[in-house]
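Following: one structure in structure tokens, then a few remarks.
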Amino acid sequence: QVQLVQSGGGLGQPGGSLRLSCAASDSIFSDYTMIWFRQAPGRQREWVTTITTTGATAYASSVKGRFTVSRDNAKNTLYLQMNSLKPEDTAVYFCNMAGKNVWGQGTQVTVSS
């Protein structure tokens, strides 16, 4: 079973930047669309962004223009570059392999001055 291991995140300042990574344990990573979700305290998990196997992307309106998703299939790794951070970006972020019950462990992102 493929595993996803997340890294990055932590505390960021409003207007600042953070980057998340999600490393897959298997090269089947390149065969799957990958998704980032987030879950803020007391709220449901919400979709953030998707990147297909060919690199096509889509973003939630709340992050469009500020966040950038990318992938490096040679490294079996997914990235989320988060710029112009806002306090409302505070959440636990999860990566997911689309169509499979394969999730990263979650990474806390806190945006605060």
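All heavy atoms count here, side chains included; hydrogens, waters and symmetry mates do not. Remember, predicted model here, so these are calculated numbers, not experimental data.
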Out of curiosity, [X] [atom1] to [Y] [atom2], how far, rounded to the nearest 0.5 Å?
| X | Y | atom1 | atom2 | answer |
| --- | --- | --- | --- | --- |
| I35 | C22 | CD1 | SG | 11.5 Å |
| R19 | N83 | CZ | CG | 11.5 Å |
| T90 | R38 | OG1 | CZ | 9.0 Å |
| E46 | S62 | CD | OG | 5.0 Å |
| M34 | M97 | CE | CE | 4.5 Å |
| T53 | D31 | OG1 | CG | 8.0 Å |

I need the minimum non-hydrogen distance between [X] and [Y], along with the two atoms involved.
| X | Y | answer |
| --- | --- | --- |
| Y93 | D89 | OH-O, 2.7 Å |
| Q1 | S25 | O-OG, 4.3 Å |
| L18 | G9 | CD2-O, 3.9 Å |
| N76 | S27 | OD1-CA, 3.5 Å |
| C95 | L78 | CB-CD2, 3.8 Å |

Single-linkage hydrophobic cluster V92~Y79, side-chain heavy atoms < 4.5 angstrom: no
Indicate, with yes or no, if W36 and F94 share a hydrophobic cluster defined by side-chain heavy-atom contacts under 4.5 Å among Ile, Leu, Val, Met, Phe, Trp and Tyr. no
Please check if atom CD in Q3 has more than 12 non-hydrogen atoms from other residues, nucleotides or ligands closer than 6.0 Å. no
When you look at CD of Q44, are more than 12 heavy atoms from neighbouring residues, nucleotides or ligands closer to it than 6.0 Å?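 No, CD of Q44 has 12 or fewer neighbouring heavy atoms, counting only those of other groups under 6.0 Å.
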Does the pair T110 and S112 meet the rule for a side-chain hydrogen bond (donor to acceptor under 3.5 Å, both in side chains), with working shown? CA-CA 6 Å; T110 302; S112 175; over 6 Å; no
Check for me whether the distance between the ring centres of W103 and F37 falls short of 6.0 Å.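 Between F37 and W103, which both carry aromatic rings, the centre distance is below 6.0 Å.
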Is it possible for you to check whether R71 lies under 6.0 Å from the centre of the six-membered ring of F29, through NZ or CZ, and within 45° of that ring's axis? yes
Is the backbone N or O of A58 less than 3.5 Å from a side-chain atom of T49, with the two atoms forming a donor-acceptor pair by type? yes
